[in-house]
Amino acid sequence: MPELPEVETVVRGLAPLLENQVFGLAQAPWVKVIEPWELDEFNASLKGRTLLRIFRRGKYICCDCDGFYLVVHLRMTGRLYISAKPEGDDKWVRFSVALASGGFLAFSDARKFGRINLVTSLDFLEEKLGPEPLELKPEDYADIFQGSERTIKVFLLDQKKLAGVGNIYADESLFRAGILPTRKVSSLKRTERVCLGEKVMEVLSQSIVHEGATISWYRKPDGTQGESQKHFSVYGRGGQPCLICGTDITRIVLGQRGTHYCGKCQH
DNA sequence: CGTGGGACCTGAACGC
DNA sequence: TGCGTTCAGGTCCCAC
């Protein structure tokens, strides 16, 4: 599922329910989800700790648990929600942890790509993540989109350059900026780089307002769907007419990812 | 340094 | 109905 807007929506939905909660015992029906931890060691470290604050960094969900950070990555099909039962509310729950209030924080993940970790420092995240897109000014992007011979589409997906943009919002941002995904970063003029920065910020903030995109698996913590998918211009619209000019949207593969664009509106 | 392929996994959609 | 194929929002690792 999840790119920055989806993860942000999950964090905002969970914050009021989790902050100041005390963790009880955790279960991991699929223990690999907490690798390299063993369940008993994991519990020895987490049980009894208070969740002070939950926040997002890139596509990672970070919980400050007063001595440890609980870090969750949803990857493709992960869901995080509060359940009344330790086994959760669906058949793909890989992990759950009791809360002192009586409920359970459940992590469900059909494809088993997601991971939950417990660490004493978030330095490892800073080592692999670039800046937060929404904390930049459009002009800052002129410096970020530089020094590469890669295509701009592949570049946008590089979390080390910019944290949180995924396949959907890369395509949508490039459409709004009128830039072909196949362009080399080095070919972009300064005005195009700044424009793309503006559009990245616009697309991400609007998607947060719409509470993320439900294509298939993503759900808000309350179980309902996001609305962003109703506002896509190109993602998933291969072969359908461009909403601006009517030309069929093209679908190609770049960096092994489906890539959608309008050959007439984007240059 | 960059790219391409594969791995990690399961479920849904689609063709026959 | 059932079977096989293809595709999927992400990231990591290795070969070249």
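A, B, ... follow the sequence lines: proteins, then strands. Residue 1 opens every chain.
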Chi angles and distances behind the side chain to side chain contact (heavy atoms under 4.5 Å, CB included) call for A/Ile116, A/Arg94: CA-CA 10 Å; A/Ile116 295 178; A/Arg94 313 300 183 192; over 6 Å; no
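- Taking every heavy atom of residues 87-96 of chain A and every atom of DNA chain B, pairs under 4.0 Å involve A/Trp92, by number.
- Every residue was checked against the ring-ring contact (aromatic ring centres under 6.0 Å, His included) condition with A/Phe155, not counting sequence neighbours, and none meets it.
- Heavy atoms of A/Tyr169 sit nowhere under 4.0 angstrom from any nucleic acid atom.
- Phosphate proximity of B/dC8 to A/Lys112: absent, as no side-chain N or O sits under 4.0 Å from OP1 or OP2.
- Sorted by residue number, the list of members of residues 220-232 of chain A with any non-hydrogen atom under 4.0 Å from DNA chain C is empty.
- Contact annotation: A/His73 side-chain N/O to C/dG10 OP1/OP2 distance is not under 4.0 Å.
- Residues A/Glu87 and A/Ser96 have side chains that never bring a donor and an acceptor to within less than 3.5 angstrom of each other.
- Helical stems of DNA chain B (runs of at least 3 Watson-Crick or G-U pairs, donor-acceptor distances under 3.5 Å) are listed by first residue: B:2-8 with C:10-16, B:10-16 with C:2-8.
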Please list, pair by pair, any protein nitrogen or oxygen found under 3.5 Å from a nitrogen or oxygen in nucleotides 3-7 of chain B.
residue	atom	partner	partner atom	Å
B/dT3	OP2	A/Arg150	NE	3.1
B/dG5	N7	A/Gln256	OE1	3.0
B/dG5	N7	A/Gln256	NE2	2.7

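- Considering only side-chain N and O atoms, A/Lys32 lies nowhere under 4.0 angstrom from the phosphate OP1 or OP2 of B/dC8.
- For A/Arg257, a side-chain nitrogen or oxygen approaches OP1 or OP2 of C/dG10 to under 4.0 Å.
- An OP1 or OP2 oxygen of C/dA8 is reached within less than 4.0 angstrom by no side-chain nitrogen or oxygen of A/Thr77.
- The distance between atom CH2 of A/Trp217 and atom C1' of C/dC7, rounded to the nearest whole Å, is 14 Å.
- Here A/Val22 sits alone; no ILVMFWY side chain lies under 4.5 Å from its own, so it joins no hydrophobic cluster.
- Summarising the geometry, the separation between CD on A/Gln159 and P on C/dT11 is reported as 4 Å, rounded to the nearest angstrom.
- When distances run from any side-chain atom of A/Lys59 to the nucleotides C/dC12, B/dT10, C/dT11, the shortest one goes to C/dT11.
- A side-chain contact (heavy atoms from CB on, under 4.5 Å) with A/Pro181 holds for exactly one of A/Lys153, A/Arg257, A/His260; it is A/Lys153.
- At whole-Å resolution of the value, CZ in A/Phe124 and P in C/dT11 are 12 Å apart.
- Residue contacts for A/Lys160: at a heavy-atom cut-off of 4.0 Å it reaches no nucleic acid atom on any strand shown.
- Side-chain contact check for A/Glu6 and A/Tyr169: at least one donor-acceptor pair (N or O, by modelled atom type) lies under 3.5 Å.
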